[in-house]
Structures are given as structure tokens and as C-alpha cells.
Amino acid sequence: MYIAGLHFLFPSHQGVDGLAVLTTADFFRYLLWTSRTPKVTAEGEGGLPVPESAPRSLLSKLVFPTQALTALLPPAVYCIAVVFNNFQQPSWMLKFALPEDIVQTQWKTPLRLMACVASFSLKFALDRILSHSDERWRMIGGREKPGMIQTGPYAVVRHPAYSVMLLQQVFYSVMYWSYVPLASLGVLAGVLAIKMPIEV
């Protein structure tokens, strides 16, 4: 492919799918390891969770598992299916592919690669978010020393981590060239709209 008169060689679709799997797996690894640190810091700075503040309705109890399932299941299925199909999307997965004519053919692979890079960079955004939210971190419910964070990303966006979560689905859609993450985006936006008032 020629860009500004320069010839660029991009990997095959198989190579891009492999890179998408690695990028997704690395993000999962990041979530697994970083989810432990904020809890420890939160208990030291914000106190222990207050059981009485935890919502008790059935809807509120279903919110977090639904959020996790919607955000994590599609990329997990993609990774497993692609790995076991020799780093190529199986035929059933291609039925959910984005149309080929939404961009010029030569731009599809570069766009998928750029989405991989963008997805990888979200870890740095989350690092900054967590550095400002450690003392108030919780799933749902309050702590002994409640407070509202108003520094860093929280000075601009009330729920920056949720913004990253939604943006990640957009990147997944381009990385996988699939409608499925866009469907997850819609469901996730609805779930978060229910969850945010519960967290207050």
C-alpha cells in the first residue's frame, strides 16, 4: 500500500487476527493484575466497604455480572475461536463481519492495526484513572470515608473508566472487523446507565 508516496507492507488478515488476539489477551492480563491493587489502597485510604450501603434489589445485584459478561465475553470468544482456527476467523464469525465496502480495501488492514495500537494505549489511560480513584475504588456501595473524586480525568468526566470501557468496544469492533462489539457497546451503555445512579 502506498501512503504519501511511500510503500508500506502490512501483514495478512491472519497476521492481523493474531495481533488482535495478542492485544486483547494483554488487556485481559492488565485488568487481572491491576484489579487487585486499587482494592488494597482503597481500604487504606477510604476505609472498609459499608455493607448497609450496598444496594439490595435484584436489578442492582444483576448489574455488575451483566456488565462484566457484556464487556468480556465477546472478546474472549473471539480470542478462543481465532486461536483454535489457526489464527483466522472461522466462517460462522465472518457472518458478523463489518461490510467490506465501508472503506477502501487497502485501508482495512491499516485501520485494524491502528485499532490494536489504540486499544493497547487504553492501559495508560486506565493507569491515570486508577491513580486518582484508588482511595474510593469499589464495585457498588460506599466506604467508611465517602467522597467525590474531582482530580485528574474525574475533573472532566464523571465516570472516565466507563468511558474507556465503551471506547474499548469501538476499538474491538475495528480490530475484529465485526458488528458484535458494537452490539455489546449498546447493551453496555444501557447497563452502565442503570449502574451509575446505584453507585452514588
Side-chain angles (χ1 to χ4, degrees), residues 11-39 59-100 102 108-130 133 137-140 159-196 198-199:
S12 64
H13 291 306
Q14 186 178 22
V16 177
D17 281 321
L19 181 60
V21 167
L22 291 176
T23 304
T24 304
D26 180 67
F27 194 75
F28 277 17
R29 176 202 59 79
Y30 170 84
L31 293 178
L32 178 64
W33 288 105
T34 56
S35 64
R36 302 177 181 183
T37 304
K39 182 178 180 181
L59 178 62
S60 62
K61 292 178 180 179
L62 291 175
V63 163
F64 179 72
T66 304
Q67 172 191 340
L69 194 66
T70 305
L72 301 178
L73 184 60
V77 170
Y78 172 86
C79 289
I80 294 171
V82 169
V83 167
F84 281 94
N85 196 50
N86 195 28
F87 287 94
Q88 299 180 78
Q89 294 189 31
S91 57
W92 62 265
M93 188 175 288
L94 293 175
K95 295 178 181 178
F96 302 98
L98 295 174
E100 295 291 335
I102 61 174
K108 177 181 175 181
T109 297
L111 283 174
R112 294 185 67 191
L113 292 175
M114 286 188 285
C116 288
V117 173
S119 177
F120 183 83
S121 69
L122 286 181
K123 295 187 299 181
F124 303 103
L126 283 174
D127 278 338
R128 179 165 171 76
I129 291 168
L130 290 175
S133 63
W137 185 92
R138 68 198 187 283
M139 291 301 183
I140 296 182
H159 294 278
Y162 292 166
S163 300
V164 168
M165 190 180 300
L166 295 173
L167 189 59
Q168 179 69 287
Q169 299 304 313
V170 177
F171 293 154
Y172 281 156
S173 182
V174 181
M175 285 167 57
Y176 309 157
W177 206 253
S178 171
Y179 280 118
V180 174
L182 293 180
S184 296
L185 173 65
V187 175
L188 196 56
V191 170
L192 295 179
I194 297 171
K195 184 183 179 186
M196 286 187 286
I198 297 174
E199 293 179 321

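The figures that follow rest on heavy atoms only: side chains count, while hydrogens, waters and symmetry mates do not.
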Could you give me the CA-CA distance, side-chain angles and deciding distance for Tyr30 and Leu126, then say whether side-chain contact (heavy atoms from CB on, under 4.5 Å) is met?
-> CA-CA 10 Å; Tyr30 170 84; Leu126 283 174; 3.4 Å; yes
Side chain Ser119, main chain Cys116, donor-acceptor under 3.5 Å = no
Enumerate donor-acceptor pairs with a distance under 3.5 Å from any side-chain N or O in residues 72-98 to protein atoms, sequence neighbours excluded.
{"from": "Tyr78", "atom 1": "OH", "to": "Asp17", "atom 2": "OD1", "distance (Å)": "2.7"}
{"from": "Asn85", "atom 1": "ND2", "to": "Gln88", "atom 2": "O", "distance (Å)": "3.0"}
{"from": "Gln89", "atom 1": "NE2", "to": "Asp17", "atom 2": "OD1", "distance (Å)": "3.2"}
{"from": "Gln89", "atom 1": "NE2", "to": "Tyr176", "atom 2": "O", "distance (Å)": "2.9"}

Pairs where residues 22-33 contributes a residue and the test salt bridge (charged side-chain N to carboxylate O under 4.0 Å, His left out) is met, not counting sequence neighbours = Asp26-Arg29, Asp26-Lys123
With rounding to the nearest 0.5 angstrom, report the [atom1] to [atom2] distance, [X] to [Y].
X: Ser173; Y: Tyr179; atom1: OG; atom2: OH; result: 9.0 Å
X: Arg112; Y: Trp177; atom1: CZ; atom2: CH2; result: 8.0 Å
X: Phe120; Y: Leu122; atom1: CZ; atom2: CG; result: 10.5 Å

List the steps and the verdict of side-chain contact (heavy atoms from CB on, under 4.5 Å) for Phe27 and Phe171.
-> CA-CA 12 Å; Phe27 194 75; Phe171 293 154; over 6 Å; no
[X] and [Y]: which non-hydrogen atoms are nearest, and at how many Å?
X: Gln169; Y: Ser184; answer: OE1-CB, 3.6 Å
X: Ala20; Y: Met175; answer: O-CE, 3.7 Å
X: Ser178; Y: Pro181; answer: O-CD, 3.4 Å

Side chains of Leu192 and His159 in contact at under 4.5 Å (non-hydrogen atoms) | no
Pairwise side-chain contact, Met114 with Val117, heavy-atom cut-off 4.5 Å (strictly under) = no
For Pro65, all residues meeting side chain to side chain contact (heavy atoms under 4.5 Å, CB included), sequence neighbours excluded |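 If we apply the side chain to side chain contact (heavy atoms under 4.5 Å, CB included) test to Pro65, skipping adjacent residues, there are no hits.
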Results of side chain to side chain contact (heavy atoms under 4.5 Å, CB included) for Val191 - residues two or more places apart only =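 With sequence neighbours excluded, Val191 shows a side chain to side chain contact (heavy atoms under 4.5 Å, CB included) to Val63, Thr66, Gln67, Val187, given in chain and number order.
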